[in-house]
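Please read the structure below before turning to the comments.
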Amino acid sequence: MTKIAFLGLGRMGLPMAGNLAADGYELTVWNRSPAKAEDFAAQHRARAAATPYDAVSGADVVITMLADDRAVLDAYTGEGGALEAMSEGTLAFDMGTVSPDTVGRLRSLLGGRGVDFVDAPVSGSVTAAAARSLTIMAAGDADAVHRGREVLSSLGDPVLYLGESGAGSAMKLVVNTIVHSLNQAVSEALVLAERAGIERSTAYSVFLNSAVSAPFMQYRREAFERPGEVPVAFRLELAAKDLRLALELADKVGAELPQARVNREVLGAAMAAGFGDADESAVAQYLRSGTPPP
Ligand code: NAP
């Protein structure tokens, strides 16, 4: 039986690990705040590990689903880190949104231990994670992706092969420049409608019945209409991280992203105004507050 170590039980990691447990994999979970891993183990057929090192010992497949570059590097190389316990032939997938540089670093660190590292970030919401309908962008050695396809298929569909290592991470940043532009556009349009005397939910109904309707706008409706009342689906701070990484990539490859640059500044200002841990749709709240954007 395939033994899986899953590191990171945040908003996305929790339903993803839940799907692996439901599929009968022998699962060990680790989370920085241990209570989440202990709760998970109490509710599923899974073991909670105290450290990443402990979690990955003896695992065939290791999956990281952590907040950012630093978190995943720490999980591998920090105190109690996974790296030293990784053995030859293990498959490692990073499924969070990190930079292609971090992918390169992890690939070389893990490659040194005979581990195949695949960047496999996901596009989709927490709901899509629960429904196994995440789009997975896997990149790296084709045979490694092939070997891991069954496990990845427990987590999402489609599983797309992007090619060389780092291409999954780059593609994820590319697609998120569009997602965060939509978030900014909806926020601005909603506040404009409200200031023009149009009721919020009426305006949103018009969005959804107009040419601009998109799945993103459909599944974010409640968050935009009832800010603060709906569980956070995607922390605003993580959106700012995505755009920072996309802008770094753009500088590196020589692309101009004027819109992403402005969107990143607005997210920075919203964070400074205290919205970092709020849902990304809180950009509308920030604009409503009347604080002049940067
Ligand atoms: P989240 O709810 O904020 O969870 C973040 C996870 O990372 C938690 O397990 C957290 O542990 C852990 N973490 C944070 N900093 C850490 C550190 N320094 N060391 C170790 N662990 C650390 O985030 P999420 O929404 O699940 O997102 C996870 C990743 O998927 C991110 O890269 C995000 O950009 C990407 N993503 C998110 C979505 C979405 O809709 N939410 C969609 C696609 C991709 P604690 O529990 O201890 O805080």
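Ligands are counted one by one from 1 in listed order, and the atoms in each one are counted from 1 as well.
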Within a distance under 4.0 Å of any heavy atom of [X], pick out the atoms of ligand 1 and give their elements.
X: Gly124; answer: 40 (O), 42 (C), 43 (C)
X: Asn31; answer: 8 (C), 9 (O), 11 (O), 45 (P), 46 (O), 47 (O)
X: Thr97; answer: 32 (O), 34 (O), 35 (C), 44 (C)
X: Lys36; answer: 45 (P), 46 (O)
X: Leu9; answer: 9 (O)
X: Ala71; answer: 15 (N), 16 (C), 17 (C), 18 (N), 19 (N), 22 (C)

So is [X] close enough to ligand 1, meaning a heavy atom under 4.0 angstrom away?
X: Lys241; answer: yes
X: Ala75; answer: no
X: Ala239; answer: no
X: Arg235; answer: yes

Atom 28 (C) of ligand 1 [closest protein heavy-atom partner, distance rounded to 0.1 Å]: Leu66 O, 3.7 Å
Mind checking whether Phe275 and Tyr286 have parallel, tilted or perpendicular rings, split at 30° and 60°? perpendicular
Would you call the rings of Tyr219 and Phe216 parallel, tilted or perpendicular, where under 30° means parallel and over 60° means perpendicular? perpendicular
Is the side chain of [X] donor-acceptor paired with the backbone N or O of [Y] at a distance under 3.5 Å, no angle test?
X: Asp94; Y: Asp119; result: no
X: Asp69; Y: Ser99; result: yes
X: Arg264; Y: Leu243; result: no

Flag yes if more than 12 heavy atoms outside [X] fall under 6.0 Å of its [atom1] atom; otherwise flag no.
X: Tyr53; atom1: OH; value: no
X: Glu164; atom1: CD; value: no
X: Glu79; atom1: CD; value: no

Counting only heavy atoms, tell me which of Glu280, Met16, Arg32 gets closest to atom 17 (C) of ligand 1. Arg32
